[in-house]
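Take a look at the structure set out below.
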Amino acid sequence: MLLIMMCWFLILKIVFVRTKLFCVRVLCAHILNLIVKAGLELADDVVGKIRNRIKYIKKLGIRRKKFYDVADKSFHLNVTKKLHQDVCVRWNSTYLMLESSLYYRVVLDYWGQRDKDYQIFALSDKEWRNVAILCKFLKVFYDVTCIFSSSNYPTANLYFRGVWKVHKLLLDTVKGPHSFLTPMVKQMQDKFNKYWAEYSLILSCAAILDPHYKLNYMQYCFTTIYGIHASDFVETILSNLRLLLDEYAKKSKSTSSSLAENSNVSDKDPVDSSLHQHSVDFGGDFDESDDYKRYLNESSTKSEKSQLNIYLEEPELEWNSQIDVLDYWSKSSVRYNELSLVARDLLAIPISTVASESAFSMGKKVITPLRSSLKPKMVQAVVCLDDWMRAKGFSIEVGDKNDDEDDEDDEDKEDDEDDISSIAF
């Protein structure tokens, strides 16, 4: 994946090397990870209580079975949705833990009334409200991260909307009524501004080339953040897209002209050669042929630049319409020749490497449910030990199935399903 990304950037750099257009931070999911982790460090109080509650329930198989029996028979909850215990190396597991604890809130409170050892982890109504607010806050980051990390569809056109959602959420939350989130959000804003104070020009151009968004959506997003200055940001992105289209048009013309010259040299048509006998010379000192060729080139360039204007003047597609954006531009290549080439190259840029890195993640093998409380240094030591043992020829796997024999089979199945969203953040 990294090699593919490097090749794309080399190709794009040749096209437009003298601008800042291709300064792209492609580790979008990783940047989101840094932003969220910076905030969660300040929310460890309420998160720690939830973590200890779930750890207490899941510590013993008998206790866990009784918990689900109470949830099923007394509160008629769907127990196929399990309690999640978070893992120190994956922040999204913290979100899933909070979400599952809210689902089982009545059962957890009921359990606390009947188990004296469990009462030390009890949460007040105010703390539960804070958990619900925090979970709703983290859901935006969770959803955006899953979208950025996908490898089944183009993601370059989704960058602008995802970053804007995070930006808007941080601004609204820091001004909102939930004061307990303010220190955490300010910490996250510092991280956001470090990496995304300026939206990526090239990926913002990709958003314009999504027929769902175009310019109107970008104008709306910038207006909600920058107010009357929104048009300046939109014009900057649009002007860079025009310059990029101009470069593609020039490159296309040079290619077509060279092909035409080769064709003229190789083709010897006797009919065409006879036409030269009837050429007329009007005389005079002024030869307009060269000037006329320049006029044709300039006119052709203007018409090619107008492809963008024609595209933007057309109405946007329905917001919820399901289309393959690459297929859309493939079918529009006849009408928008150079613009479709720009769209092809921009939309092919992957905005995150997480999808490929997760294939090499050992998190699932190392961090089993029984090892979910390991410190990061210990996790690193276990990974190194496993690597050394493999190098020596041992066939022992870290996190073998025997470590989980106390867990229920359906929970193991659920863990496997969750691994799709539990990317190696």
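- By the 6.0 Å and 45° rule, Lys82 stacks over the aromatic ring of Tyr68.
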Exercise. Please test Asn78 against Tyr103 for side chain to side chain donor-acceptor pair (under 3.5 Å), starting from the C-alpha separation and ending with a verdict.
Key: CA-CA 10 Å; Asn78 181 11; Tyr103 180 78; 5.1 Å; no
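- At a cut-off of 3.5 Å, with distance as the only test, a side-chain donor of Glu316 or Asn216 sits close to an acceptor on the other residue.
- Under 3.5 Å, the side chains of Asp86 and Ser93 contain no donor-acceptor pair of N or O atoms.
- Ring orientation note: the planes of Trp164 and Tyr217 are nearly perpendicular, at an angle over 60° on the 30°/60° scale.
- Between Asp210 and Leu317, every side-chain heavy-atom pair lies at or beyond the 4.5 Å cut-off.
- Between Glu314 and Arg335 there is a salt bridge, since a side-chain N of the basic residue sits under 4.0 Å from a carboxylate O of the acidic one.
- Put simply, the side chain of Leu209 reaches to within 4.5 Å of the side chain of Leu339, judged on heavy atoms.
- For the pair Lys139 and Tyr95, the cation-pi test (distance below 6.0 Å, angle within 45°) is failed.
- Put simply, the side chain of Asp327 reaches to within 4.5 Å of the side chain of Lys331, judged on heavy atoms.
- Between Leu102 and Trp128, the closest side-chain pair of non-hydrogen atoms falls below 4.5 Å.
- In summary, Asp246 and Lys250 engage in a salt bridge, as defined by a charged side-chain N under 4.0 Å from a carboxylate O.
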